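Small disclaimer: the values here were computed from a predicted structure and weren't measured. First the proteins, then the strands, lettered A, B, ... as listed; each starts at 1.
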Number of protein chains: 2
Amino acid sequence: MIGDKLSIAMRTTDELTEAFRASGRKVTAQRQCIFRVLQGNVNHPSAEAVYDAARTEVETISLKTVYQTLYELAEMGEIAALDLGTGMARFDPNVEETHHHLVCRSCGKVRDLTVTFDGLSVPPDEVQGYEVNGAEVVFRGLCEDCRLPRPDPQHPSAAMEPAGTTRS
Amino acid sequence: MIGDKLSIAMRTTDELTEAFRASGRKVTAQRQCIFRVLQGNVNHPSAEAVYDAARTEVETISLKTVYQTLYELAEMGEIAALDLGTGMARFDPNVEETHHHLVCRSCGKVRDLTVTFDGLSVPPDEVQGYEVNGAEVVFRGLCEDCRLPRPDPQHPSAAMEPAGTTRS
DNA sequence: GAGCTTATCACCAATCATTGTTGTTTGACA
DNA sequence: TGTCAAACAACAATGATTGGTGATAAGCTC
Ligand SMILES: [Mn+2]
Ligand SMILES: [Mn+2]
Ligand SMILES: [Zn+2]
Ligand SMILES: [Zn+2]
């Protein structure tokens with residue numbers, strides 16, 4: 001039950017393992033650890049955030065390995081690498097469900113918006129020879145934590161809460 | 001070269017000069033040069049691109065000064081600093097006309113889309129405590145130059161192209 | 001216009017996310 | 001088990017951007 005809905009649109013670690021082997025890649029403990037960190041993760045973690053989570057399991061894993069594996073997963077189409085203007089790439093294991101994002105200007109938290117916007121295309125007279133592949137909508141604002149009237153908050157730290165703990 | 005329509009929605013260098021003075025800032029030859037580079041500039045230049053253009057007039061201007069001035073203009077609301085995922089901030093002197101962007105995945109060229117999309121808002125049940133301020137739509141694709149299989153020798157356009165025409 | 005104050009300047013070093021290098025280790029397959 | 005390229009950890013380097021710092025010059029008084 002935990003993570004059932006969250007992982008609806010993403011491969012399991014076993015499937016990723018198999019996909020890696022099938023494409024001639026080697027499956028290491030480090031990579032499997034990264035798969036587990038990503039599975040059902042709805043926080044759009046940065047490479048550093050994945051690194052921190054992975055290190056609690058595999059203490060010696062290097063940040064380079066994390067970057068390598070994340071971008072390999074992105075090349076394979078198993079995750080998406082997003083640039084949402086927060087200063088670091090964010091990684092999204094949900095690639096099966098086209099969706100958009102709501103980004104907190106203050107702490108960088110990212111929320112999924114599973115909405116389809118109609119009429120989201122480039123007007124023909126504006127195309128001017130471009131071959132358009134896709135559109136991303138990014139909503140910006142302040143999250144509940146960063147919005148509070150009390151300017152008390154320390155650095156809200158886009159931390160990685162364990163997937164599935166927050167019920168919605 | 002600089003047309004009426006291009007500068008329709010941006011301040012003149014004289015207006016920027018006045019705005020700087022009025023806010024207690026000093027107006028230097030370097031800053032005025034940057035104002036001129038920006039005026040009517042529809043290329044969404046990076047700081048480096050502004051730097052290169054400015055240096056043809058003021059050879060000794062420093063890149064730091066360019067960054068400083070650009071972000072001061074952005075703070076004053078006279079230009080916009082955009083992160084469009086091209087690896088560098090892009091600066092847009094058009095701040096009066098809300099519009100969206102079409103970005104070339106290959107060369108990073110940015111084209112304005114002066115379209116208003118209806119229904120571009122966060123569904124109430126998805127807001128979840130966020131205070132939403134705005135939405136940006138970024139279309140991605142390939143521009144005419146980057147799309148052609150055969151290289152067209154007739155478009156130097158030395159503005160924002162990736163340097164280093166790799167031959168041999 | 002001369003002097004004063006302080007913003008701005010050019011130059012240089014540092015930061016931060018990310019990528020390159022290298023020599024060693026390890027997974028996959030025979 | 002041996003072979004060997006792939007992957008690893010450690011570390012150096014990159015590229016965009018930002019932080020000092022002493023010198024310069026804008027915008028004031030007088
Ligand atoms: Mn997402
Ligand atoms: Mn624009
Ligand atoms: Zn926030
Ligand atoms: Zn292009």
Side-chain angles (χ1 to χ4, degrees), chain A residues 13-14 16-35 44-52 54-55 57-76 79 81-91 108 110 155 157-158, chain B residues 13-14 16-35 44-52 54-55 57-76 79 81-91 108 160 162-164:
Chain A
T13 66
D14 284 345
L16 286 183
T17 296
E18 203 36 59
F20 258 63
R21 285 225 180 81
S23 69
R25 278 169 245 254
K26 293 178 179 172
V27 176
T28 65
Q30 291 90 334
R31 297 192 147 183
Q32 285 179 298
C33 172
I34 292 170
F35 300 165
H44 305 80
S46 65
E48 280 275 346
V50 173
Y51 178 51
D52 289 341
R55 257 191 308 184
E57 275 186 64
V58 181
E59 320 79 31
T60 68
I61 194 172
S62 83
L63 181 55
K64 181 73 190 299
T65 298
V66 172
Y67 271 104
Q68 237 166 239
T69 305
L70 288 172
Y71 279 110
E72 240 163 319
L73 282 166
E75 267 169 42
M76 297 169 69
I79 67 175
L82 308 173
D83 185 340
L84 296 169
T86 61
M88 321 163 276
R90 306 289 285 261
F91 298 90
V110 177
H155 33 90
S157 82
Chain B
T13 66
D14 283 347
L16 287 182
T17 296
E18 203 36 60
F20 258 63
R21 285 225 178 82
S23 69
R25 276 169 246 255
K26 292 178 179 172
V27 176
T28 64
Q30 290 89 338
R31 299 196 142 182
Q32 286 180 298
C33 172
I34 292 170
F35 299 164
H44 305 80
S46 64
E48 280 276 345
V50 172
Y51 177 51
D52 288 341
R55 256 192 308 184
E57 274 187 65
V58 182
E59 319 79 31
T60 67
I61 194 173
S62 84
L63 182 56
K64 180 75 187 298
T65 298
V66 172
Y67 271 104
Q68 235 165 239
T69 305
L70 288 173
Y71 279 110
E72 241 164 317
L73 282 168
E75 268 169 42
M76 299 170 70
I79 68 175
L82 307 174
D83 185 339
L84 296 169
T86 62
M88 324 166 270
R90 305 290 285 260
F91 297 90
M160 309 288 308

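Across all strands shown, A:Thr60 has heavy atoms under 4.0 Å from sugar-phosphate atoms exclusively, and none from any base. Here A:Leu63 lies in heavy-atom contact (under 4.0 Å) with a base.
The minimum heavy-atom distance linking A:Phe20 with A:Arg31 is given by the pair CE2-NH1, 3.0 Å. For the residue pair A:Cys33 and A:Glu57, the shortest heavy atom distance occurs at SG-CB, 3.8 Å. The minimum heavy-atom distance linking A:Arg90 with A:Gly108 is given by the pair NH1-O, 2.9 Å. Considering every non-hydrogen atom in both B:Phe91 and B:Ala47, the closest pair reads CE1-N, 3.8 Å. Closest of all the heavy-atom pairs between B:Tyr71 and B:Ala81 is CE2-CB, 4.0 Å.
B:Thr17 is linked by a side chain to side chain contact (heavy atoms under 4.5 Å, CB included) to B:Arg21, B:Val27, B:Gln32, B:Phe35, counting only residues two or more places apart in sequence or in another chain. Partners of A:Asp52 under the salt bridge (Lys or Arg N to Asp or Glu O under 4.0 Å) rule, at least two apart in sequence or in another chain, are A:Arg55. Qualifying side chain to side chain donor-acceptor pair (under 3.5 Å) partners for A:Ser23, counting only residues two or more places apart in sequence or in other chains: A:Arg25.
Along DNA chain D, read 5' to 3', the first and last nucleotides having any atom under 4.0 Å from a heavy atom of chain B are D:dA16 to D:dG27.
Rounded to whole Å, atom C1' of C:dC9 lies 15 Å from atom CD of B:Gln32. For the pair B:Gln68 CD and C:dC9 C1', the interatomic distance rounds to 8 Å; values are reported in whole Å. When rounded to the nearest whole Å, the span between OH of A:Tyr51 and P of C:dT19 equals 16 Å.
Residues A:Thr69 and A:Gln30 fail the side-chain proximity criterion, which asks for heavy atoms closer than 4.5 Å. When side chains are defined from C-beta on, A:Thr65 does not count as touching A:Thr28, because their heavy atoms never get closer than 4.5 Å.
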What string of B, S and - do you get for nucleotides 12-17 of chain C 5' to 3' if you count protein non-hydrogen atoms under 4.0 Å?
-----S

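Checking the phosphate oxygens (OP1, OP2) of C:dA10, a side-chain nitrogen or oxygen of B:Thr65 falls inside 4.0 Å.
Of the residues in residues 18-29 of chain A, those lying under 4.0 Å from DNA chain D by heavy-atom distance are A:Arg25, A:Lys26, A:Thr28.
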Evaluate the side-chain contact (heavy atoms from CB on, under 4.5 Å) criterion for residues B:Ile34 and B:Ile61: first the C-alpha distance (whole Å), next the side-chain angles of each, then the deciding distance (0.1 Å), finally the verdict.
CA-CA 10 Å; B:Ile34 292 170; B:Ile61 194 173; 4.0 Å; yes

